[in-house]
Amino acid sequence: MAAIAADLKARDLGDLQVTYRLRDWGISRQRYWGCPIPLIHCPSCGVVPVPDEQLPVVLPEDCVPDGSGNPLAKRADFVACTCPKCGQAARRETDTMDTFVDSSWYYARYCCADNGKAMVDPRCDYWMPVDQYIGGIEHAILHLLYSRFWSKVMRDLGLVGYGEPFARLLTQGMVLNEIFFRKPLGAGGGRIVYYNPAEVELQVDDKGNRSGAVLKSDGLPVESGGIGTMSKSKNNGVDPQALVDQYGADTARFFMMFAAPPEQTLEWSDSGVEGSFRFLKRLWAFCHAARDAVRAAGSLPEKPTAAAAGVRREIHVNLKQANYDIGKHQFNTVASATMKMLNALERAPRQEAAVIAEGLSILLRLLSPITPHICHALWRELGYGEDILAAPWPEPLEAALVQDEIELVLQINGKHRGSLRLPAAAAKEEIERAALASAAAQKFLEGRPAKKIVVVPGRLVNVVV
């Protein structure tokens, strides 16, 4: 496209231009629950702004919409006023602003919310722009566009010094769930009726395969519309409160973080929720069993056992990867890292209390943004402190990442034939001797010298026969 535009420009036949879609923005609504538009209609002076000293215009709070039009227009106590210019009887504007107006700049108001005399003040330039914007794809054409428009208006009016309100954008994926419905009977037609998955019972055949679905209330069949975005119109949403009542908020949070990266779609799964619940129960049980040992644990020994060093290294390797993934917003792999840490700690010898204490301290801090309630409780029970939020974020230690021994894949003529455990600092010649002395190499060499030995440091050694 750029090359074509440059060619057309060189021939004086055209040029590349940007088309701005947002021009005139109709922000008024014929309803009373938005922000009042501070204008007065005077028969002589025309449209007159409400003077600053008369702001804000306050709406009555006892209006009842009855479907017959804007209730504000029927309120003489609101509509009747005098013109600020000439003093004649005048009429107050009864249209209100669209709610998009509020959402287009509320984030800037957070920076100076205690200022009762101005829209914003210099503190706004200190805190803005917002570091991270997170929203669904529908926001990219609505809220995001309006917010950028509003920020540029505020900039042009000299209210703020920035032109872009958000530094980074993360477009989150949608949550999917199965859709169930019934079509209207008869030729007369009618609306399709949608049923929430919680109201539906799945049927299976003798082999355990799904064979259909029925409505729990009447036992009659319902059709499946497949997997689709959760929406009110399709009645396929999951009630968060019901989930919290059954499993707790932490389980719901962990499942949503673990199921998919934030920018991808998430397919709802009851079994996935149950799996998240089991993990948190395992964590709670492990901490309960290790509590006394952790509370009494001393400092880490200078030379831990091989088993303890292996567990500690696994904890810090996962922490290093998780910290990297957090920077990329890959929270699903952060949740996965905490599961791997628990697996490693469950393999640790019980007498290695210091290693377990360090590992649990790292695991709980890493998990706390995802499941804050259980981590806060366990942090206190294990004696780490009163508030996990006051603890420093864990960072991997290079000393814990160092391996005394490494495992290399052993290949003969490029095919996997076993493995070798050698000191991490082993020289190439030592690796070659160990490979030639292995039972696999001796079997294929049959007393002959090897044609070539290829060593890939830290990964494998290949003996060519």
Side-chain angles (χ1 to χ4, degrees), residues 18-125 128-130 138-166:
V18 176
T19 301
Y20 292 95
R21 302 291 183 185
L22 187 61
R23 293 185 178 87
D24 295 329
W25 182 12
I27 65 167
S28 64
R29 297 292 183 269
Q30 289 75 47
R31 60 191 184 197
Y32 81 90
W33 57 83
C35 284
I37 297 175
L39 296 174
I40 292 173
H41 300 272
C42 174
S44 301
C45 305
V47 180
V48 182
V50 174
D52 286 356
E53 61 271 15
Q54 295 181 20
L55 294 176
V57 176
V58 180
L59 293 174
E61 297 184 7
D62 57 350
C63 287
V64 178
D66 58 7
S68 62
N70 187 350
L72 279 179
K74 306 171 187 177
R75 293 290 297 260
D77 57 339
F78 177 80
V79 176
C81 62
T82 57
C83 175
K85 280 189 175 182
C86 67
Q88 290 188 66
R91 179 178 60 84
R92 194 180 299 280
E93 175 61 58
T94 56
D95 279 9
T96 58
M97 298 184 197
D98 182 10
T99 49
F100 271 121
V101 171
D102 302 327
S103 65
S104 294
W105 74 283
Y106 73 92
Y107 44 84
R109 180 63 179 171
Y110 278 138
C111 303
C112 46
D114 58 350
N115 190 330
K117 296 182 179 180
M119 185 174 180
V120 292
D121 62 34
R123 287 176 291 176
C124 192
D125 283 339
M128 292 290 292
V130 173
E138 71 277 8
H139 287 80
I141 57 169
L142 297 176
H143 180 259
L144 179 58
L145 182 65
Y146 295 151
S147 298
R148 296 182 66 216
F149 178 89
W150 195 268
S151 293
K152 294 179 191 302
V153 171
M154 293 172 69
R155 177 201 60 193
D156 293 348
L157 291 174
L159 295 173
V160 298
Y162 58 87
E164 291 290 348
F166 311 117

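FYI, side chains are in, hydrogens and waters are out, and symmetry mates aren't considered; it's all heavy atoms of this structure.
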To the nearest 0.5 Å, how far apart are [atom1] in [X] and [atom2] in [Y]?
| X | Y | atom1 | atom2 | value |
| --- | --- | --- | --- | --- |
| Gln30 | Thr94 | CD | OG1 | 8.0 Å |
| Phe166 | His143 | CZ | NE2 | 5.0 Å |
| Ser103 | Trp105 | OG | CH2 | 11.5 Å |
| Arg92 | Asp77 | CZ | CG | 10.5 Å |
| Cys81 | Gln54 | SG | CD | 8.5 Å |

Give a yes or no answer on whether the side chain of [X] reaches the backbone of [Y] with a donor-acceptor pair at less than 3.5 Å.
| X | Y | answer |
| --- | --- | --- |
| Asp121 | Cys112 | no |
| Asp95 | Ser28 | no |
| Arg148 | Pro165 | no |

What verdict does the salt bridge (Lys or Arg N to Asp or Glu O under 4.0 Å) test give for Arg109 and Asp102, after you've listed the backbone C-alpha separation in whole Å, the side-chain angles of each residue and the deciding distance to 0.1 Å? CA-CA 10 Å; Arg109 180 63 179 171; Asp102 302 327; over 6 Å; no

Closest non-hydrogen atom pair, Pro60 against Arg75: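 What the structure gives for the nearest pair is CB-NH2, 3.7 Å.
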
Over all atoms of both residues, closest heavy-atom pair of Val101 and Ile27: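 So the minimum-distance heavy-atom pair works out to CG2-CB, 3.9 Å.
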
For Tyr107, run the side-chain contact (heavy atoms from CB on, under 4.5 Å) check against Ser151, Pro129, Cys124 and tell me which one passes.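 The option that passes is Ser151.
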
What pairs of donor and acceptor atoms, side-chain ones from residues 34-53 against any protein atom, are under 3.5 angstrom apart with sequence neighbours left out?
from	atom 1	to	atom 2	distance (Å)
His41	NE2	Glu93	OE1	2.6
Ser44	OG	Gln88	NE2	2.4

Ring centroids only, cut at 6.0 angstrom: are Tyr32 and Phe78 within range, meaning strictly under it?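 So the answer is no for these two rings.
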
Suppose we screen for side chain to side chain donor-acceptor pair (under 3.5 Å). Which residues come up paired with Asp156, at least two apart in sequence or across chains?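 So Asp156 forms no side chain to side chain donor-acceptor pair (under 3.5 Å) with any residue.
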
Are the side chains of [X] and [Y] in touch, meaning some heavy atoms are under 4.5 Å apart?
| X | Y | result |
| --- | --- | --- |
| Trp33 | Leu59 | no |
| Arg31 | Asp98 | yes |
| Val120 | Cys111 | no |
| Leu157 | Met119 | no |

Step by step, would you call Met128 with Val160 a side-chain contact (heavy atoms from CB on, under 4.5 Å)? CA-CA 9 Å; Met128 292 290 292; Val160 298; over 6 Å; no

Would you say that more than 12 heavy atoms from the other residues, nucleotides or ligands in this model lie under 6.0 Å from the NZ of Lys85, or not?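 Atom NZ in Lys85 is not crowded, with 12 or fewer foreign heavy atoms closer than 6.0 Å.
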
